[in-house]
Amino acid sequence: MAVNCSHLDMIRIVDKPPQIAGCEECLATGGWWVHLRMCETCGHIGCCDSSPGRHASKHADAEAHPILRSVEPGEDWSWCVVDQVSFVVEQAAP
């Protein structure tokens with residue numbers, strides 16, 4: 001049985017930025033991160049749940065922006081923190 005994300009309408013930003021300095025909160029506080037995630041609603045860059053700050057998930061909860069995508073090299077998956085499902089967002093043809 002396939003599990004579906006019920007928040008796909010929240011996706012506004014699919015492409016990761018060309019330059020990513022790091023987790024926005026970790027950079028501001030001197031923290032560190034393991035992997036980075038991007039909010040697909042507003043573009044916020046936060047650290048993953050394996051990082052001490054877990055800033056991407058905290059942002060998703062605080063802002064009600066449920067869909068994060070990996071911005072790690074070679075990864076293109078997204079994750080809905082509400083529905084707990086991963087998927088790949090297909091790019092629209094130009």
Side-chain angles (χ1 to χ4, degrees):
M1 181 168 90
V3 179
N4 294 316
C5 173
S6 60
H7 302 91
L8 296 177
D9 61 327
M10 299 289 294
I11 295 174
R12 305 279 184 271
I13 302 168
V14 176
D15 296 325
K16 61 184 175 181
Q19 297 285 326
I20 300 172
C23 171
E24 295 173 20
E25 289 83 2
C26 289
L27 288 169
T29 63
W32 58 275
W33 57 88
V34 177
H35 300 288
L36 297 172
R37 309 291 180 241
M38 181 186 81
C39 172
E40 288 192 282
T41 300
C42 72
H44 175 271
I45 302 293
C47 55
C48 70
D49 287 353
S50 296
S51 303
R54 302 182 64 214
H55 292 121
S57 289
K58 287 179 180 177
H59 169 82
D61 291 340
E63 301 298 324
H65 292 171
I67 302 178
L68 306 172
R69 75 157 282 176
S70 174
V71 292
E72 293 299 313
E75 295 183 354
D76 62 355
W77 56 266
S78 297
W79 175 256
C80 179
V81 300
V82 175
D83 294 326
Q84 298 284 293
V85 61
S86 65
F87 53 92
V88 174
V89 176
E90 298 294 330
Q91 297 284 340

Looking at [atom1] of [X] and [atom2] of [Y], how far apart are the two atoms once the value is rounded to the nearest 0.5 Å?
X     : Y     : atom1 : atom2 : value
Met38 : Lys16 : CE    : NZ    : 9.5 Å
Arg37 : Arg69 : CZ    : CZ    : 10.5 Å
Ile67 : Thr41 : CD1   : OG1   : 6.5 Å
Ile11 : Phe87 : CD1   : CZ    : 4.5 Å
Cys39 : Glu24 : SG    : CD    : 10.0 Å

Inset, instruction - Run through the side-chain heavy atoms of Ile, Leu, Val, Met, Phe, Trp and Tyr, join any pair under 4.5 Å, and report what else lands in Met10's cluster. - result: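 Joined to Met10, directly or through intermediates: none.
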Legend entry - Leu36 side chain reached by Cys23 side chain, heavy atoms, under 4.5 Å: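 Result yes, sub-4.5 Å side-chain heavy-atom pair found.
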Please report the shortest heavy-atom distance between [X] and [Y], naming the atom on each side.
X     : Y     : result
Val81 : Ser57 : CG1-OG, 4.5 Å
Asp83 : Ser6  : OD2-N, 2.6 Å
Leu68 : Glu40 : O-OE1, 4.1 Å
Ala64 : Pro66 : O-CD, 3.4 Å
Cys47 : Cys26 : SG-SG, 3.9 Å

Legend entry - ring-ring contact (aromatic ring centres under 6.0 Å, His included) partners of residues 23-55, not counting sequence neighbours, each pair once: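 Found His44-His59.
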Inset, instruction - Starting from the C-alpha separation in whole Å, work towards a yes-or-no answer on side-chain contact (heavy atoms from CB on, under 4.5 Å) for His65 and Cys42. - result: CA-CA 8 Å; His65 292 171; Cys42 72; 3.6 Å; yes
Inset, instruction - Group every Ile, Leu, Val, Met, Phe, Trp and Tyr by side-chain heavy-atom contacts under 4.5 Å, then state whether Val85 and Val82 land in the same group. - result: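 No; tracing contacts between hydrophobic side chains, which count when under 4.5 Å, never links both residues.
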Legend entry - Transitive ILVMFWY side-chain link Val71 to Leu27, under 4.5 Å: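 In one cluster: yes.
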Inset, instruction - Would you confirm whether Ser51, through its side chain, and Gly53, through its main-chain N or O, come within 3.5 Å as a donor-acceptor pair? - result: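 Not confirmed, Ser51 side chain does not pair with Gly53 backbone.
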Inset, instruction - Please list, chain by chain and in numerical order, all residues satisfying salt bridge (Lys or Arg N to Asp or Glu O under 4.0 Å) with Asp76, sequence neighbours excluded. - result: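 Partners of Asp76 under the salt bridge (Lys or Arg N to Asp or Glu O under 4.0 Å) test: none.
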